[in-house]
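Heads up, the thing below is written out as structure tokens.
Since we're looking at a predicted model, the values are computed, not measured. Letters A, B, ... mirror the listed sequences (proteins, then strands); counts begin at 1.
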There are 2 protein chains.
Amino acid sequence: MASQAVPGAEPRTPLSRERVLRAAISVADSGGIESLTMRRLAEHLGAEAMSLYYHVANKEDVLDGVVDVIATEINEVVDRIDVPAEGADWKKAVRQRILSAREVLLRHAWAPGVFETRTNTSLAVLRYYDALLGLMRAGGFSNDLAHHALHALGSRALGFTQELFDPNSGAGATDQAADLAEMAGQFPNLVGMLAEIAHDDPDSTLGWCDDQSEFEFGLDLILDGLDRIRERA
Amino acid sequence: MASQAVPGAEPRTPLSRERVLRAAISVADSGGIESLTMRRLAEHLGAEAMSLYYHVANKEDVLDGVVDVIATEINEVVDRIDVPAEGADWKKAVRQRILSAREVLLRHAWAPGVFETRTNTSLAVLRYYDALLGLMRAGGFSNDLAHHALHALGSRALGFTQELFDPNSGAGATDQAADLAEMAGQFPNLVGMLAEIAHDDPDSTLGWCDDQSEFEFGLDLILDGLDRIRERA
DNA sequence: GCAGCCGCCCTTACGTTGTAAGTCTTACGA
DNA sequence: TCGTAAGACTTACAACGTAAGGGCGGCTGC
């Protein structure tokens with residue numbers, strides 16, 4: 001009989017790189033990226049910290065792997081949605097791809113920050129870019145313009161933007177009005193703008209912005225600009 | 001006589017929040033952001049780590065302060081360059097401001113990463129945004145469009161972009177050609193593009209991109225797009 | 001059947017980090 | 001002259017990543 005275990009002991013599925021990376025994503029999903037430590041990761045797997053090092057080189061390798069797994073998930077999603085007909089609208093296809101990638105990333109709020117810190121580019125990310133490039137080439141982009149396009153999109157190509165400026169943070173909603181009045185002298189344009197935005201959209205709390213529609217606005221701005229350049233060429 | 005020191009002992013300029021923050025920037029400039037530890041920072045100041053805590057709350061506070069100092073430096077630079085005449089070209093003014101901010105950030109290569117991790121927005125950054133908004137409003141932007149514009153620009157408004165994709169990294173230049181050939185099957189569009197880019201610009205090593213011109217390309221793409229929307233309104 | 005080996009996991013331990021808690025020192029006002 | 005308090009230092013600790021080595025179980029060669 002194969003592998004008779006001690007009675008009462010759990011079978012204990014063995015560790016593997018795959019399991020470690022999936023557990024890492026799970027830990028980060030539930031506790032944020034700063035809660036992802038080697039010890040906690042091991043605990044999550046019912047193992048000891050040092051046991052992980054048989055399957056991953058170090059913590060950097062874990063983060064690299066996590067990015068690769070998420071990028072693979074993105075590829076699976078975008079591969080499923082569209083095989084655009086030859087000569088179809090490149091803009092529509094690219095837009096849909098990017099918004100689908102964004103949906104995946106929205107499920108892992110901590111992921112953008114990790115993507116940004118990686119210096120080794122994941123193969124899955126390269127595959128994603130390659131497909132995006134293919135859509136643009138098929139849509140009539142020169143290699144040169146497609147290259148510019150990737151840089152212009154930056155992280156937006158993968159579905160996220162770095163917000164430097166989160167009006168939600170800082171003071172809680174309670175005394176935000178008082179803060180606004182206090183800052184009106186220092187930042188007249190900012191305060192005036194926020195007041196009007198809030199007035200136009202009463203559902204929103206002060207300074208609140210719809211991330212999704214802002215993302216789409218910026219994305220369309222860039223895609224439209226690229227399209228105009230493409231037509232002129 | 002005031003403050004007679006022990007003979008042979010240095011006068012030792014006292015610590016202050018200002019000095020701590022400036023030293024932090026200096027340490028990060030020379031050794032990268034990961035070399036910025038409280039102990040090293042103290043050593044740089046000729047003091048002990050715990051002495052810093054009299055002047056800053058904790059390390060997060062140091063990073064917040066560093067961002068504020070750099071944003072202040074940016075404000076000083078951009079305030080100096082231009083007070084555009086009423087009705088002048090908003091695009092030119094905004095572009096010049098942003099490129100000047102970029103020059104400051106290029107002197108602190110580690111700074112973008114720190115900016116991105118801050119959740120408390122620095123007052124100096126707010127001041128920068130307020131001035132940028134003022135230029136746009138004077139150029140005929142509605143509050144709504146100016147708001148979209150800030151989001152669309154994102155970190156570009158401060159002069160940097162997050163590159164997710166650095167062709168320089170990975171393999172060294174020596175065996176990069178071999179890697180390319182190997183990857184050609186997997187990433188045909190990417191490899192084809194890089195080959196052509198490299199061919200057109202023989203000075204560049206394979207996969208090398210001119211960050212500055214790519215930044216300006218993306219910036220102009222967004223500014224032109226915004227201008228077109230403004231004209232239609 | 002058994003000896004050796006090796007893949008896999010664990011134990012122990014170390015250096016580095018941020019920082020809590022308490023102590024010494026020095027300048028100054030009463 | 002003597003508190004007193006600001007400002008620097010000393011000591012100490014928990015949490016982190018991870019180096020080094022120990023042990024165990026199943027496979028392979030004889």
Side-chain angles (χ1 to χ4, degrees), chain A residues 1-24 27-28 31-67 110 113-114 117-120, chain B residues 1-24 27-28 31-67 110 113-114 117-120:
Chain A
M1 192 139 305
S3 111
Q4 180 61 48
V6 176
E10 295 296 325
R12 285 229 306 150
T13 52
L15 293 176
S16 71
R17 180 164 226 269
E18 178 79 10
R19 276 196 68 205
V20 170
L21 298 182
R22 297 220 170 274
V27 168
I33 190 64
E34 77 283 355
S35 79
L36 179 59
T37 70
M38 295 304 276
R39 287 177 226 264
R40 239 190 299 272
L41 179 51
E43 191 183 7
H44 205 74
L45 287 161
E48 296 301 313
M50 287 311 292
S51 304
L52 307 181
Y53 285 81
Y54 199 87
H55 304 276
V56 293
N58 47 39
K59 188 174 183 182
E60 282 293 289
D61 189 30
V62 171
L63 295 177
D64 283 343
V66 156
V67 163
W110 46 271
V114 179
T117 61
R118 295 305 86 199
T119 141
N120 301 336
Chain B
M1 189 150 291
S3 112
Q4 180 60 49
V6 176
E10 294 296 326
R12 285 227 307 148
T13 53
L15 294 175
S16 71
R17 179 163 226 269
E18 179 79 8
R19 276 196 70 210
V20 170
L21 298 182
R22 298 220 171 275
V27 168
I33 191 62
E34 76 284 355
S35 79
L36 178 60
T37 71
M38 296 302 278
R39 286 176 229 265
R40 241 189 299 271
L41 179 51
E43 189 183 8
H44 204 76
L45 287 160
E48 297 300 315
M50 289 312 293
S51 305
L52 306 181
Y53 286 82
Y54 200 88
H55 303 277
V56 293
N58 46 40
K59 189 174 181 181
E60 283 292 290
D61 190 30
V62 171
L63 295 177
D64 283 343
V66 156
V67 163
W110 48 270
V114 179
T117 62
R118 297 305 84 199
T119 141
N120 301 335

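Between the C1' atom of D:dC16 and the CD atom of A:E43 lies a distance of 14 Å, rounded to the nearest Å. If you take CG of A:L36 and C1' of D:dG17, they are 12 Å apart, rounded to a whole angstrom. Here the P atom of nucleotide C:dC24 and the CD atom of B:E48 are 16 Å apart, to the nearest Å. Summarising the geometry, the separation between CD on A:E34 and C1' on C:dT17 is reported as 17 Å, rounded to the nearest angstrom.
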Show me, pair by pair, the donor-acceptor contacts under 3.5 angstrom made by side chains of residues 58-66 of chain A, not counting sequence neighbours?
unit_1 : atom_1 : unit_2 : atom_2 : d
A:N58  : OD1    : A:E60  : N      : 3.3
A:N58  : OD1    : A:D61  : N      : 3.0
A:K59  : NZ     : A:L36  : O      : 2.8
A:E60  : OE1    : A:R118 : NH1    : 3.2
A:D61  : OD1    : A:R17  : NH2    : 2.5
A:D61  : OD2    : A:R17  : NH2    : 2.8
A:D61  : OD2    : A:A57  : N      : 2.9
A:D64  : OD1    : A:R118 : NH1    : 3.1

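Looking at every heavy atom in both residues, A:G31 comes nearest to A:E34 through O-OE2, 3.4 Å. Shortest non-hydrogen contact noted between A:S35 and A:G32 is OG-O, 2.8 Å. Among all heavy-atom pairs drawn from A:L41 and A:A24, the shortest one is CD1-N, 3.4 Å.
The strand DNA chain C forms stems, runs of 3 or more Watson-Crick or G-U wobble pairs with distances below 3.5 Å, at C:1-30 with D:1-30.
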Would you tabulate the pairs of protein nitrogen or oxygen atoms and nucleotide nitrogen or oxygen atoms of nucleotides 5-7 of chain D closer than 3.5 angstrom?
unit_1 : atom_1 : unit_2 : atom_2 : d
D:dG7  : OP2    : B:Y54  : OH     : 3.3

For nucleotides 18-20 of chain D, list the nitrogen or oxygen atoms of the protein found under 3.5 Å from its nitrogen or oxygen atoms, one pair per line.
unit_1 : atom_1 : unit_2 : atom_2 : d
D:dT18 : OP2    : A:Y53  : OH     : 2.9
D:dT18 : OP2    : A:K59  : N      : 3.0

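Listed nucleotides: C:dT17, D:dC16, D:dA8. Nearest to the side chain of B:S51: D:dA8.
From A:L52, atom CG reaches atom CE of A:M38 across 5.0 Å, with rounding to the nearest 0.5 Å.
For residues 40-54 of chain A, the side chain to side chain donor-acceptor pair (under 3.5 Å) pairs, not counting sequence neighbours, are A:S26-A:H44.
In terms of the salt bridge (Lys or Arg N to Asp or Glu O under 4.0 Å) criterion, residue partners of B:R22 (sequence neighbours excluded) are, by chain and number, B:E18.
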